[in-house]
Amino acid sequence: LKGLVLDNISGQPVNADIKVQGIDKIINPDIEHGDYYRLLTPGTYTITAESYGYFPQSTTVYIDSNAATIHNFFMEPMPEEPYIEFVSQDAGLINSGDQANMFITISNIGIGSATGVSAELSSLSPFINIMNSYSSYPNISQNSNAISDNPFIFSISQSCPSNTSIDFNLHITSNQGEWNQNFNII
């Protein structure tokens with residue numbers, strides 16, 4: 001596997017961590033040219049490039065034994081402001097007819113602090129009834145997580161089939177911007 005890691009606007013090399021899922025060793029591109037190399041046995045791999053100030057990128061590549069596989073990463077710079085994304089929820093195992101109190105963790109992967117943060121939970125699923133769709137969050141400094149101040153509360157209909165994936169949308173707002181994050185619970 002080989003390729004380049006470049007800023008998609010300037011075309012300059014980006015010092016990124018290149019990770020191959022299932023392999024612990026991180027590789028870094030050459031700072032001067034942005035090129036990286038990784039010997040891999042034939043198979044399918046998920047590779048990720050991450051660098052501070054850029055959105056992470058992942059892709060799946062197939063490595064065969066005949067020729068080198070080439071994948072270039074064109075890294076998108078983050079704006080010079082906070083960027084909030086969904087991290088996790090703590091609803092646990094939920095069954096038909098249950099009511100859940102769910103705290104949601106979000107992260108500021110952008111630059112600078114997010115202030116005045118709040119979120120609203122919604123779902124288009126006919127099996128979900130949301131009783132408390134809103135929570136505020138503490139201010140979130142860059143590279144930090146925060147847990148909702150209050151639980152989001154919802155119930156699942158008795159008629160919901162087992163192992164149904166329930167899709168949710170979390171609309172996050174702050175003084176610095178808005179973000180929509182989707183996640184699901186099975």
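Model, not experiment: these values are computed from the prediction.
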Plane angle bin for Phe86 and Phe183 - parallel if under 30°, tilted between 30 and 60°, otherwise perpendicular: parallel
Polar side chain donor-acceptor pair, Asp17 to Asn28, under 3.5 angstrom: yes
Trace of the side-chain contact (heavy atoms from CB on, under 4.5 Å) decision for Thr41 with Ile63: CA-CA 7 Å; Thr41 58; Ile63 306 295; over 6 Å; no
Approximate separation, where rounding is to 0.5 Å, of Leu170 CG and Gln89 CD: 11.0 Å
Polar contact flag, side-chain donor to acceptor under 3.5 angstrom, Asp7-Tyr54: yes
Single-linkage hydrophobic cluster Phe152~Val87, side-chain heavy atoms < 4.5 angstrom: no
Cluster check Phe103, Ile140: I/L/V/M/F/W/Y, side chain < 4.5 angstrom: no
Value rounded to 0.5 Å, distance of CD in Gln12 from CD1 in Ile31: 12.0 Å
side-chain contact (heavy atoms from CB on, under 4.5 Å) assessment of Met102 paired with Leu121: CA-CA 10 Å; Met102 179 173 64; Leu121 184 69; 3.7 Å; yes
Donor on one side chain, acceptor on other, Asp149 and Ser135, under 3.5 Å: no
4.5 Å side-chain heavy-atom contact, Trp179 and Ile106: no
Between Thr115 and Asn139, a side-chain donor and acceptor under 3.5 Å: no
Asp64 (side chain) donor-acceptor with Ala67 (main chain) under 3.5 angstrom: yes
Which atom of Ala146 lies closest to which atom of Pro138, heavy atoms considered: CB-CG, 3.9 Å
Sub-4.5 Å side-chain heavy-atom contact between Leu1 and Tyr36: yes
Short side-chain donor-acceptor distance under 3.5 Å, Gln142 and Tyr52: yes
Side chain to side chain, Thr105 and Tyr137, heavy atoms closer than 4.5 Å: no
Chi angles and distances behind the side-chain contact (heavy atoms from CB on, under 4.5 Å) call for Asp167, Ser165: CA-CA 6 Å; Asp167 296 323; Ser165 178; 3.9 Å; yes
Member of Leu6, Val5, Asp30 meeting the side chain to side chain contact (heavy atoms under 4.5 Å, CB included) criterion with Asp35: Asp30
Student check: side-chain heavy atoms of Lys25 and Arg38 closer than 4.5 Å: yes
Close side-chain approach of Glu120 to Ser133, heavy-atom, < 4.5 Å: yes
Connected via hydrophobic side-chain network under 4.5 Å: Ile153 and Ile130: no
Ile70 to Asn72 - nearest heavy-atom pair and separation: CG2-OD1, 4.1 Å
Steps toward side-chain hydrogen bond (donor to acceptor under 3.5 Å, both in side chains) verdict (Ser123, Ser125): CA-CA 5 Å; Ser123 177; Ser125 171; 4.6 Å; no
Minimum heavy-atom distance between Ala16 and Pro29, given as atom pair plus value: O-CD, 3.0 Å
Ser118 and Thr173: side chain donor to acceptor below 3.5 Å: yes
Atom pair NE2 (His71) and OG1 (Thr60), whose distance is rounded to the nearest 0.5 Å: 9.5 Å
Inter-residue atom distance Met75.CE - Ile9.CD1, 0.5 Å rounding: 12.5 Å
Backbone of Ala114 reached by a side-chain donor or acceptor of Asn175 within 3.5 Å: no
Cys160 side chain near Ile166 side chain, heavy-atom distance below 4.5 Å: yes
Interatomic distance, Ile109 atom CD1 to Met78 atom CE [nearest 0.5 angstrom]: 3.5 Å
Taking every non-hydrogen atom, the tightest pair across Met131 and Phe154: CE-C, 4.0 Å
hydrophobic_cluster_shared for Leu4 and Ile27, side chain cutoff 4.5 Å: no
Full working for side-chain contact (heavy atoms from CB on, under 4.5 Å) between Phe73 and Ile47: CA-CA 10 Å; Phe73 287 100; Ile47 57 173; 3.6 Å; yes
Nearest heavy atoms of Gln57 and Glu76, plus distance in Å: NE2-N, 3.8 Å
Ring center gap for Tyr62 and Tyr45 short of 6.0 angstrom: no
Linked, directly or transitively: Ile23 and Ile18 (ILVMFWY side chains, under 4.5 Å): yes
N/O donor-acceptor pair under 3.5 Å between Ser141 side chain and Ser113 backbone: no
Pairwise distance CD1(Ile185) to OG1(Thr164) - rounded to 0.5 angstrom: 12.5 Å
